[in-house]
Amino acid sequence: MAQFQSLPGFREFYPDALARRNHIFRLWRQTANTFGFQEYDAPVLEPLELYKTKSGDEIEAQLFSFTDKGGREVALRPEMTPTVCRLVGEKASSLKRPIKWFSIAEFYRYERMQKGRGRCFFQLNADIFGEPGVEAETELIAMLVQCFAGFGLTAEDFYIRLSDRNLWFYYLEALGLDEVRVRGILSAVDRFEKLGDDAFKDYVTQFGALDEWVKAKVLAFLQIKSLAALEAVVAGIPGDKLTARLADWRKLLGNLAAMGLGGFVEVDLGVVRGLAYYTGFVFEAFDRKGELRALAGGGRYDSLVGKLGYGEMPAVGFGVGDMTFALLLEQRGLTPAFVPTTDIYVVIGGEAERAAAFGDIFALRAAGFRVEYPLKDVAFGKQFKMAAESGAKLALIYGGDELAKGVVKIRVLGDRSEHEVPRDQVALAVRDFFAGGAE
RNA sequence: GCGGCCAUAGCUCAGUUGGUUAGAGCACUAGAUUGUGAUUCUAGGGGUCGCGGGUUCGAAUCCCGUUGGCCGCCCCA
């Protein structure tokens, strides 16, 4: 025993755990369908270069990567975005716009195990390609809300923080910073919530001290938590880029409010997201209590498809991981109890009766009923206990007495009532019962 | 990559200053019960005490190493 363990950070799903996972996936899939998204899938193993192209060599350390037997540098996928960009890029000219796609897939990252984080995990990924306007953000944020709300989670349980990398760019440009410095500031903003003032250390070592008045402006901007506050700040700055961008903000927030989702979304310019490929609106979902890591993250990445060598293609997307989400459901008591599901339990008297029952068991199963029976001869009393434990609604009794009379006894396990039906009418009686009949 | 805590049955855990054949509850299997469901009683299976080495007459217990887990940092896709 204990000779073989699963690899560190990898997960095994026993039936009860898989039932919980499937429950989550089922509702996610259903929500995606109601929002008009189509499901796709793609390889788990990809060329290493696909991820280097997107995020740089340093990410290689966090990949499960190796050289295959053909000498190719390959990696287990750590995320879906580059892959889906390739899928869309390849067929861009023949795909009907807007392209609304989703997937539920497993990903791998060579990292230290922590709460809500493992070396393998599942993500729902949803993306819209080909729509440059905030209509795409509207769809995705609305769907993200429903992917949570569908489980009974409310605005008391989670919220979405909405920010905008464009707005940051325009604002910092207006303050006189060039693009390289802007990126440095954004990375500091990203870490400010956790590190406080230390977040600016990297910037200072790279570009030298930051003017106090610029820093003050940055700190004021990242603390903006409402559209009104944003409008007030922008009003004092010349140039029409910022004002034009504010129109997008009003439209997006207006759309979400019209859908009744105002309570789920909060303006929060302190979010910029670390990923280099985001270009516009970005958003992250968190639990209200602030106890868990981010539940979901997403945003616009208009230049990634082009960077991978295809034609320019506007894109927005988000990902939700299964681990932190499952923790939230558990914390709020929203994980349903999964009981074994059987429709019919067949009670069998002995070997002779077994042969008679088998034909009906197979026919009922072929008709779509979930039928169980004891694999070996067991005392009657025991069989009724098993029938009750199986969760079955009906027991069919194939005993010596019944067979002699040419009938099968049907017991309704809920109210313990019993009646006999001729053997050739068993299927009919069963169908009537499950059709909601008065049996 | 760095730091703290931990590892005994499928699960939750006892196990005395080191001392005979390592225990309990839950779960599982069977019997009491040869044609009717909760409870109860009885019995059973399941452990090289994470692994390796050391100290000792003797190690689950003490020491070293290692692997794995939890938590935090770093990083976040």
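On a predicted model such as this, the values are computed, not experimentally measured, just so you know. Residue numbering restarts at 1 for every chain, and letters A, B, ... go by the order of the sequence lines.
The gap from the C1' atom of B/G52 to that of B/G15 amounts to 24 Å, rounded to the nearest Å. Remark: the separation of the P atoms in B/U8 and B/U16 is 16 Å, to the nearest Å. Nucleotides B/U42 and B/U33, compared at atom P, are 16 Å apart to the nearest Å. Of the P atoms belonging to B/C13 and B/A32, the separation is 37 Å, rounded to the nearest Å. Only the C1' atoms considered, B/C71 is 33 Å distant from B/U55, to the nearest whole Å. Comparing the P positions of B/G44 and B/G4 gives a spacing of 47 Å, expressed to the nearest Å. Spacing between B/G65 and B/C26 at atom C1', rounded to whole Å, works out to 36 Å. For the P atom pair drawn from B/U66 and B/C2, the interatomic distance equals 12 Å after rounding to whole Å.
At a cut-off of 3.5 angstrom, the base of B/U36 holds at least one donor-acceptor pair with the side chain of A/R411. On a pure distance criterion of 3.5 Å, a polar donor-acceptor pair joins the side chain of A/K409 and the base of B/U36. If you check distances only, the side chain of A/E418 never reaches the base of B/G35 with a donor-acceptor pair under 3.5 Å.
Per the stacking criterion (ring centres < 5.5 Å, plane angle < 30°), A/F384 does not stack onto the base of B/G37.
Listed by chain and number, the residues in a side-chain contact (heavy atoms from CB on, under 4.5 Å) with A/Q425 are A/P422 (sequence neighbours excluded). Annotation: side-chain contact (heavy atoms from CB on, under 4.5 Å) contacts of A/R183 (sequence neighbours excluded): A/R165, A/F169, A/E179. Every residue two or more places apart in sequence or in another chain that forms a side-chain contact (heavy atoms from CB on, under 4.5 Å) with A/T138 is listed here: A/L252, A/N255, A/L256, A/M259.
Each of B/A38, B/G35, B/G68 was ranked by its minimum atom distance to the side chain of A/R416; first place goes to B/A38. Considering only side-chain atoms of A/I397, the nucleotide from B/G68, B/A30, B/U36 that sits closest is B/U36.
Across all strands shown, A/G400 has heavy atoms under 4.0 Å from base atoms, whether or not it also approaches the sugar-phosphate. At a threshold of 4.0 angstrom between heavy atoms, the contacts of A/E402 include nucleobase atoms, whether or not backbone atoms are also involved. Contacts of A/G9 with the nucleic acid, taken as non-hydrogen atoms under 4.0 Å apart, involve only primed sugar atoms and P, OP1 or OP2.
Note: CG (A/L63) to P (B/C75) measures 18 Å, nearest angstrom. In this structure, CG of A/D415 is placed 17 Å from P of B/A38, rounded to the nearest angstrom. Summarising the geometry, the separation between CD1 on A/I348 and C1' on B/U34 is reported as 17 Å, rounded to the nearest angstrom. Atom OH of A/Y277 is separated from atom C1' of B/C76 by 11 Å (rounded to the nearest Å). One atom, CZ of A/F121, and another, P of B/C76, lie 15 Å apart when rounded to the nearest Å. The distance between atom CG of A/L7 and atom C1' of B/U67, rounded to the nearest whole Å, is 13 Å. B/U36 atom P lies 16 Å from atom OH of A/Y345, rounded to whole Å. At whole-Å resolution of the value, CZ in A/R119 and C1' in B/C76 are 15 Å apart.
Among residues at least two apart or in separate chains, ring pair (Phe, Tyr, Trp, His ring centres under 6.0 Å) pairs with a member in residues 126-148 of chain A are A/F148-A/F158, A/F148-A/F325.
Consecutive Watson-Crick or G-U pairs involving RNA chain B, each under 3.5 Å on both distances, make up stems of three or more pairs at B:1-7 with B:67-73, B:10-13 with B:23-26, B:28-32 with B:40-44, B:50-54 with B:62-66.
The aromatic ring centres of A/F25 and A/F122 sit less than 6.0 Å apart. Proximity of the aromatic rings of A/F121 and A/Y108 is defined here by a centroid distance below 6.0 angstrom, and this criterion is not met.
Counted by atom type alone, A/Y278 and A/N166 present zero donor-acceptor pairs between their side chains at under 3.5 Å. Side-chain N/O atoms of A/E90 and A/Y310 include a donor and acceptor closer than 3.5 Å.
Mapping A/G414 and A/K382 onto RNA chain B by nearest heavy atom places A/K382 closer to the 5' end of the strand. When each of A/P8 and A/Y110 is assigned the nucleotide of RNA chain B with its nearest heavy atom, A/Y110 is the one assigned upstream, toward the 5' end.
Sparse packing is recorded around CZ of A/R112, with 12 or fewer heavy atoms of other residues, nucleotides or ligands lying under 6.0 Å away.
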request  = Check the pair A/D287, A/Y159 against side chain to side chain donor-acceptor pair (under 3.5 Å), reporting the backbone distance first and the verdict last.
outcome  = CA-CA 7 Å; A/D287 69 297; A/Y159 68 115; over 6 Å; no
Table of protein N/O atoms under 3.5 Å from nucleotides 70-74 of chain B N/O atoms:
| from | atom 1 | to | atom 2 | distance (Å) |
| --- | --- | --- | --- | --- |
| B/C71 | OP2 | A/K115 | N | 3.0 |
| B/C73 | N4 | A/Q114 | NE2 | 3.3 |
| B/C74 | N4 | A/Q114 | NE2 | 3.4 |

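No side-chain heavy atom of A/F286 sits less than 4.5 Å from a side-chain heavy atom of A/L292.
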